[in-house]
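Written out below as structure tokens is the structure these notes cover.
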Amino acid sequence: MFSLFVGTFPHLAKGAVNTLYFSAVCLILGLVIGILSGILSVIPSKIIRGIIFAYIYLIRGIPLLVLLFLTYYMLPLFGIDLNAGIAAAASISIYTGAFISEIIRAAINSLPGGQTDAAKSLGMEYWLYMRKVIVPQALRQSLPPIVNIALMCIKFTALISIISVNDLTLAGKEMSEVTLKPFHIYAEVALIYFIFCFSLSRLGLYLEKRLHYVH
Amino acid sequence: MEPIIKVVNVNKSFGNLHVLKDVSFTVERGEAVVVIGTSGCGKTTLLRCLNFLNEYDSGEIYIDGELLGYKKVNGKLHRRSEEEIAKSREEVGIVFQSFNLFPHMTVLENIILSPTYVRKIEKKKAIETAKELLDRVGLLDKLDEHPVRLSGGQQQRVAIARALAMQPKIMLFDEVTSALDPELVGEVLAVMKQLAKSGMTMVIVTHEMHFAKDVANRIIFMDDGRIVEQGSPKEVLSTPKSGRLQAFLKRFTEDYFL
């Protein structure tokens with residue numbers, strides 16, 4: 001059994017590297033989209049808020065797999081030819097972003113109104129106190145749920161194997177077909193996912209401690 | 001000289017709730033005015049109107065001669081731009097019941113934030129001023145602490161220093177000792193007393209009657225959104241004219257025997 005692991009490891013590792021790569025890209029893009037749209041979802045402008053809410057409600061109402069298919073099969077109809085990798089990264093980022101956006105919005109809204117009162121009373125204008133007072137606190141508060149979404153994001157990437165992007169899950173499928181030992185192979189695949197996610201959880205806990213107000 | 005605060009027939013409603021009803025009064029430069037009244041009588045709302053945290057519906061509030069929050073065009077009030085409103089708030093410091101320090105910043109960062117970003121004072125200079133103010137409120141050693149590490153009384157003294165760092169012309173105090181443990185009330189009141197002595201114009205909402213008697217040049221009694229009585233502490237506290245004020249004060253004297 002050990003030799004089975006050793007024999008299949010190089011191929012799985014290649015897939016795992018791709019999974020890591022996709023996770024990182026999607027997570028970073030998702031964070032950027034999510035944080036920006038989260039902040040925009042609380043600003044006074046009704047038009048911008050409307051656009052952001054349309055995005056969030058639309059995305060939250062569609063399964064990721066369907067969004068993935070939509071992006072992959074629909075865009076070429078409009079003459080936009082995306083390769084599978086880019087279509088996958090775009091879908092997952094947009095999907096992750098919608099959930100992060102709601103976390104940020106909730107965090108901003110949960111801050112006591114006194115924070116805004118104090119900032120205003122000190123002569124600060126909207127964007128100054130958002131930047132210096134509200135968003136920094138909201139981000140700190142959002143960290144645990146964002147780590148949660150980040151873990152989901154890693155696992156979302158397993159879906160891209162369906163549109164033939166060569167990730168860890170696809171590598172596992174290929175290896176199980178070659179070795180005819182699917183249980184062993186998928187156990188190995190699961191272990192690798194687990195290691196990724198566990199490391200990220202630990203990193204999240206570490207950051208949470210670092211960012212706590214009391215050092 | 002004209003009064004530094006002039007409030008004329010101010011009305012304010014929250015939905016159907018008419019909180020301030022034709023409130024008028026003035027505050028002279030260097031005066032300490034204490035506002036008393038039962039909870040829900042509108043005194044906090046009145047205070048928050050004085051720096052436009054609550055926007056009054058009608059009437060006029062003049063701060064140092066300038067109409068607050070609105071511009072008068074052909075007799076109609078037009079809301080000023082956010083920039084102008086922010087600018088006018090620089091002149092009026094407020095200290096809140098719940099401190100409202102910024103928890104993600106140290107004490108020093110709390111104090112220098114607005115002086116450096118809003119007043120555009122050089123950071124070095126702002127730090128110097130902050131240290132002087134912290135020394136004044138007796139917390140120079142807490143410079144690098146985060147607010148959560150301080151007691152309520154200490155947090156409130158930092159909040160006072162933070163407001164003073166903007167060098168306001170007027171300081172508002174909104175029940176600043178109500179959230180404090182009884183043994184911490186004294187240290188905050190001492191700072192306020194010292195501030196009043198230094199000639200700062202202050203409007204203070206409080207339930208501390210002894211303090212009001214000590215510090216106030218004038219006491220305003222509010223009831224149901226109106227100013228019912230005002231005068232020197234002696235007049236208001238010792239010889240109340242209206243039945244409502246008598247009833248209000250009676251409750252306090254009874255409390256002392258509990």
Side-chain angles (χ1 to χ4, degrees), chain A residues 31 35 38-40 42-49 103-147 204-215, chain B residues 44 47-48 50-55 81-107 109-120 144-150 155 158-159 162-168 170-172 174 179:
Chain A
L31 275 171
I35 291 171
I39 292 169
L40 291 178
V42 298
I43 68 169
S45 162
K46 275 188 183 160
I47 299 168
I48 294 178
R49 266 185 359 228
I103 292 172
I104 301 284
R105 187 176 68 89
I108 290 175
N109 286 340
S110 76
L111 291 178
Q115 291 290 307
T116 316
D117 284 348
K120 279 183 182 170
S121 78
L122 291 164
M124 288 186 227
E125 284 183 61
Y126 186 77
W127 285 109
L128 178 60
Y129 68 72
M130 282 297 274
R131 189 158 58 92
K132 290 286 169 188
V133 177
I134 305 300
V135 174
Q137 290 186 62
L139 286 179
R140 273 180 174 79
Q141 273 196 21
S142 312
L143 189 67
I146 282 181
V147 168
L205 278 181
Y206 170 76
L207 283 177
E208 230 175 281
K209 273 196 191 122
R210 276 293 301 273
L211 289 174
H212 201 64
Y213 302 138
V214 189
H215 297 291
Chain B
T44 289
L47 202 70
R48 288 169 62 91
L50 294 179
N51 67 352
F52 216 59
L53 280 180
N54 283 350
E55 304 181 8
S81 70
E82 292 304 323
E83 197 185 340
E84 286 175 303
I85 290 170
K87 189 95 194 131
S88 58
R89 286 193 181 119
E90 292 175 32
E91 311 300 334
V92 186
I94 185 168
V95 184
F96 303 91
Q97 181 176 354
S98 50
F99 326 134
N100 297 345
L101 293 175
F102 306 134
H104 58 303
M105 296 179 181
T106 64
V107 164
E109 287 165 345
N110 261 280
I111 297 176
I112 66 170
L113 178 66
S114 247
T116 49
Y117 280 92
V118 178
R119 288 264 197 224
K120 312 268 188 232
D144 294 317
E145 290 283 10
H146 277 79
V148 276
R149 295 280 289 265
L150 305 180
Q155 288 192 48
V158 171
R162 181 176 68 175
L164 288 174
M166 289 297 281
Q167 296 172 324
I170 301 162
M171 283 284 282
L172 311 174
D174 183 13

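Chain letters run A, B, ... following the sequence lines, proteins first and then strands; every chain starts at 1.
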Engaged part of B:Glu91 at the chain A interface, taking heavy atoms whose separation is under 4.5 Å:
neither
Residues passing the side chain to side chain contact (heavy atoms under 4.5 Å, CB included) test with A:Gln115, sequence neighbours excluded, are A:Pro112, A:Val133, A:Ile134, A:Gln137, B:Phe102, B:Pro103
Find out whether B:Val118 and A:Glu125 are in side-chain contact, i.e. whether some heavy atom of one side chain is under 4.5 Å from a heavy atom of the other.
no
Rounding to 0.5 Å, atoms CD1 (B:Ile85) and NZ (A:Lys120) come to a distance of 9.0 Å
Is a side-chain donor or acceptor of B:Asn100 paired with a backbone partner of A:Gly114 at a separation under 3.5 angstrom?
yes
For residues A:Leu211 and B:His104, determine if any side-chain heavy atom of one lies less than 4.5 Å from a side-chain heavy atom of the other.
no
Comparing B:Leu113, B:Ile94, B:Thr106 against chain A, the one with the most heavy-atom pairs below 4.5 Å turns out to be B:Leu113
Contact check, side chains of A:Leu122 and B:Arg89, non-hydrogen atoms, under 4.5 Å
no
Segment of B:Leu101 engaging chain A (4.5 angstrom heavy-atom cut-off):
backbone
Rounded at 0.5 Å granularity, tell me how far CD in B:Glu109 sits from NZ in A:Lys132.
9.0 Å
I need the residue from B:Gln97, B:Arg48, B:Glu145 with the largest number of non-hydrogen atom pairs under 4.5 Å to chain A.
B:Arg48
Tell me, for B:Arg162 versus chain A, whether the close heavy atoms (under 4.5 Å) come from the side chain, the backbone, both or neither.
both
When heavy-atom pairs shorter than 4.5 Å are enumerated against chain A, which of B:Glu83, B:Arg119, B:Glu90, B:Lys87 gives the highest number?
B:Glu83
Would you check if A:Arg131 and B:Tyr117 make a side-chain contact, meaning some heavy-atom pair closer than 4.5 Å?
yes
